[in-house]
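For reference, the structure discussed in these notes is given below.
To find a chain, count down the sequence lines: A is the first, B the second, and so on, and within it residues start at 1.
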Protein chains: 2
Amino acid sequence: MPPSPHLAIVKDDTSGPLADVVFDRVLDAIYQGRLALGSVVNEAALAQEFGVSRGPVREAVRRLQGIQLITREPYMKARVITLSAESAIELFQMRMALEGMACKLAALRMTNDEVDTLLAELAQDRERRIDGAQDRPAFDFHERIVRACGNARIINALCGDLYHLLRIYRRHSGSVLERKDDAYGEHWQIIRAIRARDAELAESLMRSHIERAAQHLFTHLPQLAPLTAGDRAI
Amino acid sequence: MPPSPHLAIVKDDTSGPLADVVFDRVLDAIYQGRLALGSVVNEAALAQEFGVSRGPVREAVRRLQGIQLITREPYMKARVITLSAESAIELFQMRMALEGMACKLAALRMTNDEVDTLLAELAQDRERRIDGAQDRPAFDFHERIVRACGNARIINALCGDLYHLLRIYRRHSGSVLERKDDAYGEHWQIIRAIRARDAELAESLMRSHIERAAQHLFTHLPQLAPLTAGDRAI
DNA sequence: TGGGGTTTGACTGTCGACACTGTGAGCGTT
DNA sequence: AACGCTCACAGTGTCGACAGTCAAACCCCA
């Protein structure tokens, strides 16, 4: 008898290894707050909840630990990370470095057609949001740029690791910092720079854009904002 | 009876979990070429070789896979990565992004004493190499800079992941590309920029330094150099 | 002798059980 | 009452075994 039938994983899942399914489930649980930030993660409990053995759960937890969504405290207790100003600063610093480089590479590698398509989607997404019908597609400008950079290592580091943490920060701070209207203009400028094949400008714009996003986040999250003057120099 | 007594892991190891020990062992095996690049990795065989069960080996292999030293081919075969020009380009692009940012941050955060210490160690390492006594300390300028940047996430990405791959590239290309004599001057300039608190210059110098190292690598590794004009724009 | 189906082998995914370690509560001593 | 010690509990580390799957070799038949 699975204790939580709505959570149990059915065997005939065609989603490949159980560890991957458990990984996604735990990730969702963190996103949705079912696994509270800072709470301890119990392998055996999760295994029973999902109706699987501890092996896949263990592997999933280690992978979460690998991308630093779960920390390993002394004495072998696994905990979900806690949001902190320091961690957020580090996240945005790394985004500035990697997304800046990705943007620079995208400016060198994207075809004109790809740039035009992206520009059209950007405008389309804006109109959709103005109409209020912001349903399905969830256009993500940054992810699109990153995936266009052609560097699999950077793509993986950002989309596979950092963006998970970023989504957690976004979810746990309300939609206040969506800032999509402000961001549209900056996104448009970035694509213009890419279109003009000005790689240096594109990188610089992307960095400034992310830095503004970081400052916006800290402005609207006072509980996360023990920022000193030195740290402000992201 | 352990088939390879000199490789078996003794139980009373004080190095913590077996998975960590196996991880280091496999890493060394890749470094030293005992595990050839491109060869398939067999969990059971490694387990028998180390005298442990498949569990820790499995975990170690997955961690190697996480830092992209082992690739997962279709049909679940795990292989050690193969060196390629594309992979090397991606590695150096990521280093330029991350080490550039790390250098910038180090310029903002290091104390004068720390900078002076680093400068002294740099000079000391040079003299030691001139004397030919390049034995113990293995002074690593880049790692020192990175660890001084204060961003744990960047430190982990570089020292925990990327540098493993970089060492493999270095080892599998002879000492030709050591380039330490050429590098000394550039390292010195970078520290000077940090000392002057010119963060932008320090980042720019570090990027240029890494790009030169990349070009040096491709110059001396013709078998890895199907570089097109476009790709040269790292 | 060549093509197609079948068998065999190897390997990974998964599981349940045991062992070891740190923690906290409870008890006795001072 | 405070401190130190002991013991049960909780949780992870590790192990051996079973099951499913893909690949390659093998055999049969035309």
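At the phosphate of C/dG16, neither OP1 nor OP2 sits under 4.0 Å from any side-chain N or O atom of A/R54. Checking the phosphate oxygens (OP1, OP2) of C/dT12, no side-chain nitrogen or oxygen of B/R58 falls inside 4.0 Å. For the OP1/OP2 pair of D/dG13 and a distance below 4.0 Å, the side-chain nitrogens and oxygens of A/R72 include at least one atom meeting the criterion.
Distance, A/I70 CD1 to D/dT12 C1': 14 Å, rounded to whole Å. A/E73 has its CD atom 14 Å from the C1' atom of D/dG11, to the nearest Å. Between A/L46 atom CG and D/dT12 atom P the separation is 9 Å, expressed in whole Å. Between B/Q65 atom CD and C/dT12 atom P there is a gap of 12 Å when expressed in whole angstrom units. Between the CG atom of B/L18 and the P atom of D/dT14 there is a distance of 4 Å, rounded to whole Å. Regarding B/D20, its CG atom lies at a distance of 8 Å from the P atom of D/dT14, rounded to whole Å. Rounded to an integer number of Å, the gap from CD of B/E43 to C1' of C/dT14 is 12 Å. Here D/dA23 presents its P atom at 12 Å from CZ of B/R79, a figure rounded to the nearest Å.
Nearest-nucleotide positions on DNA chain C place B/A78 closer to the 5' end than the other of B/A78 and A/K77.
Considering only residues two or more places apart in sequence or on other chains, B/R54 meets the salt bridge (charged side-chain N to carboxylate O under 4.0 Å, His left out) condition with B/E43.
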Give every pair of a protein N or O atom and an N or O atom of nucleotides 7-10 of chain C that lie under 3.5 Å apart, one pair per line with the distance.
none

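Residues B/I210 and B/M206 meet the side-chain proximity criterion, which asks for heavy atoms closer than 4.5 Å. Counting heavy atoms from C-beta on, the side chains of B/R72 and B/V61 come closer than 4.5 Å.
Screening B/L165, B/I89, B/D161 for a side-chain contact (heavy atoms from CB on, under 4.5 Å) involving A/R153 leaves a single residue, B/L165. If you run side-chain contact (heavy atoms from CB on, under 4.5 Å) between A/I30 and each of A/I81, A/V80, A/V41, only A/V80 comes through.
Ion pairing between a basic and an acidic side chain is recognised when a charged N comes within 4.0 Å of a carboxylate O; B/E114 and B/R109 show no such pairing.
The aromatic rings of A/H187 and A/F141 lie parallel to each other, with less than 30° between the two planes, well short of the 60° mark.
Residue contacts shown for B/V41 are limited to sugar-phosphate atoms, with no base heavy atom under 4.0 Å away.
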